[in-house]
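Here is the structure we will look at, set down as structure tokens.
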Amino acid sequence: MKLICIGRNYTAHIEELEHATPEAPILFLKPDTAILLKKQPFFIPDFSENVQHEVEVLVKINRVGKYIDKKFAHKYYSEIGLGIDFTARDVQEALKAKGLPWETAKAFDGAAVVGKWMPKSEITDCNSLNFSLQKNGTVVQRGNTSQMIYKIDALIEYISKYFTLKIGDIIFTGTPAGVGRVEANDKLKGFIEDKELFSITVK
């Protein structure tokens, strides 16, 4: 099982980090060891002074596929979820400045929160889903999947050109604006519409 993550998929987030809009989806991977264990807190790693939250809609792959045409992509997932792509921003920026890969900033243990799953059959339109992240009771990130530059089915088509998708693979579809630093004792809750899909404490 692998976690396939999409960078720079919301215009407002691109603008807040002062990045260029990509001409194609930006892909990076996280190992399964990055998944935060259920009912466990997120521990800020000692190698970073600026770990930031990035809430994202997740897609779980339910069949094996390669070179999937966009018009058939909807057949390859039946569940939608919500999670966090934790990013050691200071580590990432230092590595990027040297032109080096930045997996250590994105793929460390516990860096991927995977919340509860919702059956796609309960969702009217996957391309018009409201989602949000609360930190200590205040909404700090809010988005709608209609704001994605590359929608879910287009992402599946693109990803499957490079990686065979397998049952259980999870796609992190990108984060909207509002990313920010987490600190010890923060409580983070994620919602799709009004349904809470995860709740974690930062240590």
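Just so you know, these numbers use all the heavy atoms, side chains as well, and skip hydrogens, waters and symmetry mates.
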Checklist entry - Should Y77 and D153 be marked as a side-chain hydrogen bond (donor to acceptor under 3.5 Å, both in side chains) after you check the CA-CA gap, both sets of side-chain angles, and the distance that decides it? => result CA-CA 10 Å; Y77 61 103; D153 291 354; 2.8 Å; yes
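- The ring pair (Phe, Tyr, Trp, His ring centres under 6.0 Å) check on F47 picks up F108, with sequence neighbours excluded.
- The side chain to side chain donor-acceptor pair (under 3.5 Å) check on S146 picks up N144, with sequence neighbours excluded.
- In this view, Y150 satisfies the ring pair (Phe, Tyr, Trp, His ring centres under 6.0 Å) rule with no residue, not counting sequence neighbours.
- Between the side chain of E56 and the backbone N or O of G83 there is no donor-acceptor pair closer than 3.5 Å.
- Here the shortest heavy-atom pairing between K161 and K66 reads O-NZ, 3.0 Å.
- Applying the ring-ring contact (aromatic ring centres under 6.0 Å, His included) rule to pairs touching residues 170-203 yields nothing, sequence neighbours excluded.
- K189 and S199 share no donor-acceptor pair across their side chains, judged by distance under 3.5 Å alone.
- Remark: the T87 side chain and the E54 side chain contain an N/O donor-acceptor pair separated by less than 3.5 Å.
- Partners of Y162 under the ring pair (Phe, Tyr, Trp, His ring centres under 6.0 Å) rule, at least two apart in sequence or in another chain, are Y158.
- Among residue pairs with one or both ends in residues 78-105, those qualifying as ring-ring contact (aromatic ring centres under 6.0 Å, His included) are F28-W102, F42-F86; sequence neighbours excluded.
- Under the side-chain contact (heavy atoms from CB on, under 4.5 Å) test applied with T145, the options V57, N9, D125, N130 reduce to a single match, V57.
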